[in-house]
Amino acid sequence: MQVEYPIKVQAIRSKGRPVRLFVGVPLALAAALGLEPGEEVQWELVDRENLYLVRQPRPPSKRRSRRGK
């Protein structure tokens, strides 16, 4: 399994808005981590050279139980 996934930081320039930076997660890395669309994560800054990607706890599912029907 590949353990390095080089990516480029991209700039998004919209008229009348400040420049925003965007980092995409390669699909192979997302699959290896089990990331899903819409999942919330946050970056933790360790130092100027290292970031940690931290998963946020998922709220409990609001799906109704089928028991008793």
Side-chain angles (χ1 to χ4, degrees):
M1 176 181 357
Q2 182 178 348
V3 294
E4 294 182 6
Y5 296 91
I7 55 175
K8 290 185 180 183
V9 177
Q10 298 175 350
I12 299 174
R13 294 176 174 84
S14 300
K15 192 172 184 178
R17 297 187 65 182
V19 174
R20 294 173 290 161
L21 300 180
F22 173 80
V23 177
V25 177
L27 188 55
L29 179 58
L33 294 171
L35 290 176
E36 298 195 14
E39 185 172 350
E40 290 191 26
V41 296
Q42 82 180 31
W43 290 106
E44 279 187 14
L45 179 62
V46 177
D47 55 43
R48 290 183 61 113
E49 302 293 324
N50 297 286
L51 296 171
Y52 283 147
L53 182 68
V54 180
R55 280 190 153 115
Q56 298 303 298
R58 291 184 182 178
S61 177
K62 294 184 180 182
R63 295 173 66 181
R64 294 182 0 188
S65 172
R66 292 184 177 208
R67 287 183 284 165
K69 286 191 174 185

In chain order, what residues pass the side-chain contact (heavy atoms from CB on, under 4.5 Å) check against Ile7, with sequence neighbours excluded?
Val23, Pro26
Find out if a path of hydrophobic residues (ILVMFWY) with successive side-chain heavy-atom gaps under 4.5 Å connects Phe22 to Leu45.
no
Partners passing side-chain contact (heavy atoms from CB on, under 4.5 Å) against Ala28 (at least two apart in sequence or in another chain):
Tyr5
For Tyr52, the other hydrophobic cluster members (4.5 Å side-chain criterion, sorted by chain and number) are Val46, Val54
Within the 4.5 Å heavy-atom criterion, are Trp43 and Leu53 side-chain neighbours or not?
yes
Does anything in residues 15-31 pair up under salt bridge (Lys or Arg N to Asp or Glu O under 4.0 Å), and if so which pairs, sequence neighbours excluded?
none
Residues passing the side-chain contact (heavy atoms from CB on, under 4.5 Å) test with Arg13, sequence neighbours excluded, are Ala11, Val19
According to salt bridge (Lys or Arg N to Asp or Glu O under 4.0 Å), does anything in residues 35-45 pair up with another residue at least two apart or in another chain? List the pairs.
Glu39-Arg55, Glu39-Arg58
I'd like to check the side-chain hydrogen bond (donor to acceptor under 3.5 Å, both in side chains) partners of Gln42; sequence neighbours left out, ordered by chain and number.
Gln56
